[in-house]
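Have a look at the structure below, then the notes.
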2 protein chains.
Amino acid sequence: MGTVDKALSLLDYFSESRPEVGLSDLARMAGFDKATVLRLMTSLADRGFVEQNVTTSKYRLGPALLRLANIRESTFPQKASARPILQRMSEESGETVHLMLLGKDSLETLDFIETKAHAMRVHMDAGERISLHASASGLACLAFMPEKQTHQALSGELERFTPRTLTDRAAVLDLLKAVRQDGIAEIDQGFEDGVFGMAAPIFSSHGAVTGSVGIATPFTRMNEPFRKKARSIIQQAANDITRAWGGIEPQADIGGTAA
Amino acid sequence: MGTVDKALSLLDYFSESRPEVGLSDLARMAGFDKATVLRLMTSLADRGFVEQNVTTSKYRLGPALLRLANIRESTFPQKASARPILQRMSEESGETVHLMLLGKDSLETLDFIETKAHAMRVHMDAGERISLHASASGLACLAFMPEKQTHQALSGELERFTPRTLTDRAAVLDLLKAVRQDGIAEIDQGFEDGVFGMAAPIFSSHGAVTGSVGIATPFTRMNEPFRKKARSIIQQAANDITRAWGGIEPQADIGGTAA
DNA sequence: ACCAGCGGTTCAAATATTAAACCGATTAGG
DNA sequence: CCTAATCGGTTTAATATTTGAACCGCTGGT
């Protein structure tokens, strides 16, 4: 593990629910020596990737991230170009909608809109990272990856999040077949209790999965009419975002998913 | 120069006007060996801080920056909380407005709005970094820094951007006196030909300068009535943002600026 | 008044980083 | 159509950087 990799990995310990972290905590969580973490964090701080709370000297993510993200968005407006589509989804569905990006072996939250239509709604955390096997978004991606990559992603232990999480590799693979035919993945409380998730994949210009869009609703509001409606909303949105990002739907049965 | 610092410094070669850079170019610009740059970029790419254009294999800024920026904004909504104020400035002034953050020895563009009121307007680049001595924003900051820091920031060669750029240390220091009394810095085409800039400082909770807000107008539209109006708009906005960010205006004559 | 934990420092030992030459592939020019 | 230059990327021994245990002084809780 290179030094750069270590430094960057430290940033992953910050989240919406843990926005500030102290030196010792960070060292413990990352499993690095305190002196190492200090030096790495100092490097990160010098470049503005983190900054320190002046009174507590805890670290938080820094303004350089905003600056660089702004540059990326201005020349490669992924988030901005999908926003209106997400907005429309949110209004049409009256539920929380989310746009995820496929990372190395996880999904990362790029954007989401929590519905205003209901007081009880699914809450999301900005920039959250979730594993592939337990969420509708994850399954949507897994279903359309090259077969090899799918197996690779499912090669480790499948973590259990709820009583209904599929932790059996075979069961997941089986489910993926249905998703492939359907174009949409659905999970009833597989990632979080009480949440019903639905999502469809987004494709790159080479026809590879790059992310997903989906809807997350309290399972109590899920019923057949709404499910139908949601499916069409999601399918439409996925197509629109794929197109907005310059992607193309892969030809049926290509992309390594067959046999 | 540590390895982490080197890796992070590579990200600074990406900008709105140069969104994609190749390996050799990067090595040349940074003055590092090609093999070194490759390894650093590979580390950055593994973590999603950059990604490669599949067809050209040039690098561009990656989605991890968005993710982390989102987390920061969601828990520390600097940009979002200033947005409405910037919006109001834009509408009231009919000119391009900008919000800058004070970095190590430069200002970094956090946000801006180009006016829709005029076809001829001042254009800005997302995430641009500008030096302190030549812009109104920079002078606004310099004027309210601790004296030592001001001198430090002006210790190097002062780059000339236009015929009217102040490159004489003494002249800048002199101008800062006026800015201190005024609370607003003004520069007629000191950073870019044809652009008249005005800006006021923003303060942190400890009364230290952390950034600036300002207006940039084609100098041909600048006249005494508009100048008056702009001054009040800027002053109001600076106060509002300082407050929105939990900052306080420093007491007069404190902050090391006296004597 | 204590102890435990904090952020931060030190320095010899251990390890990762570097740079020059080299590779095959691609592009530009004569 | 052939040459030369440049591209992204790889390899290697030589080297500079990183590491971690023990140790600060300080703060906050009991």
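A note on names: the letters A, B, ... follow the listed sequences, proteins ahead of strands, and every chain is numbered from 1.
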What is the separation between atom [atom1] on [X] and atom [atom2] on [N], rounded to the nearest whole Å?
X: A:Leu23; N: C:dG5; atom1: CG; atom2: C1'; answer: 12 Å
X: B:Met41; N: C:dT17; atom1: CE; atom2: P; answer: 16 Å
X: A:Asp33; N: C:dC11; atom1: CG; atom2: C1'; answer: 13 Å
X: A:Phe32; N: C:dG8; atom1: CZ; atom2: P; answer: 18 Å
X: A:Arg39; N: C:dC11; atom1: CZ; atom2: P; answer: 16 Å
X: B:Lys6; N: C:dA16; atom1: NZ; atom2: P; answer: 17 Å

Check: With a non-hydrogen cut-off below 4.0 angstrom, is A:Lys58 in contact with a base, only sugar-phosphate, or nothing?
Finding: nothing
Under 4.0 Å between a side-chain N or O of [X] and OP1 or OP2 of [N]?
X: B:Lys34; N: C:dA20; value: no
X: A:Arg28; N: C:dC6; value: yes
X: B:Thr36; N: C:dA19; value: yes

Checklist line | 5' precedence on DNA chain C between A:Val4 and A:Thr56 (nearest-nucleotide basis) | finding: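 Whichever sits nearer the 5' end wins; that is A:Thr56.
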Margin query: Using the side-chain heavy atoms of A:Ser57, tell me which of these nucleotides is nearest: C:dA19, C:dG7, C:dT17.
Written below: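 My answer, after comparing the listed nucleotides, is C:dG7.
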Checklist line | A:Leu38 side chain, from C-beta outward: closest of C:dC6, C:dT9, C:dT18 | finding: C:dT9
Note to self: Quick one, B:Val172 with B:Arg169, criterion side chain to side chain contact (heavy atoms under 4.5 Å, CB included). Give me CA distance, side-chain angles, the key distance, then yes/no.
What the structure shows: CA-CA 5 Å; B:Val172 174; B:Arg169 198 154 300 112; 5.8 Å; no
Next item on the list: Could you tell me, to 10°, how much the axis swings from one end of the helix from C:dA1-D:dT30 to C:dG30-D:dC1 to the other, five pairs per end?
Entry: 50°
Next item on the list: Kindly give the heavy-atom pair with the smallest separation between A:His206 and B:Val54, and that separation in Å.
Entry: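 Minimum heavy-atom contact is NE2-CB, 3.8 Å.
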Next item on the list: Check the pair B:Phe112 / B:Leu99 against side chain to side chain contact (heavy atoms under 4.5 Å, CB included), numbers first and verdict last.
Entry: CA-CA 6 Å; B:Phe112 63 91; B:Leu99 173 59; over 6 Å; no
Check: Within the distance-only criterion (no hydrogens, no angle test), does the side chain of A:Thr109 pair as donor or acceptor with the backbone N or O of A:Glu128 below 3.5 angstrom?
Finding: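 Confirmed, A:Thr109 side chain pairs with A:Glu128 backbone.
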Notebook entry, point to check: Taking any atom under 4.0 angstrom from a heavy atom of chain A, which nucleotides of DNA chain D are the first and last to qualify, 5' to 3'?
Noted result: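 So the contact region on DNA chain D extends D:dT18 to D:dA21.
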Margin query: Any carboxylate oxygen within less than 4.0 angstrom of a Lys/Arg side-chain nitrogen, looking at A:Asp25 and A:Lys58?
Written below: no
Notebook entry, point to check: Is any side-chain N of the basic residue among A:Arg67 and B:Asp12 closer than 4.0 Å to the acidic one's carboxylate O?
Noted result: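 Salt bridge: yes.
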Notebook entry, point to check: Among A:Arg72, A:Glu73, A:Arg83, which residue meets the side-chain hydrogen bond (donor to acceptor under 3.5 Å, both in side chains) test with A:Gln78?
Noted result: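 Looking at A:Arg72, A:Glu73, A:Arg83, the match for A:Gln78 under the side-chain hydrogen bond (donor to acceptor under 3.5 Å, both in side chains) is A:Arg72.
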Checklist line | Over 12 foreign heavy atoms within 6.0 Å of CD, B:Glu192 | finding: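 No, CD of B:Glu192 has 12 or fewer neighbouring heavy atoms, counting only those of other groups under 6.0 Å.
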Next item on the list: Classify the side-chain pair B:Ser17/B:Ser15 by whether it contains a donor and acceptor separated by less than 3.5 Å.
Entry: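 On atom types as modelled, these side chains qualify, holding a pair under 3.5 Å.
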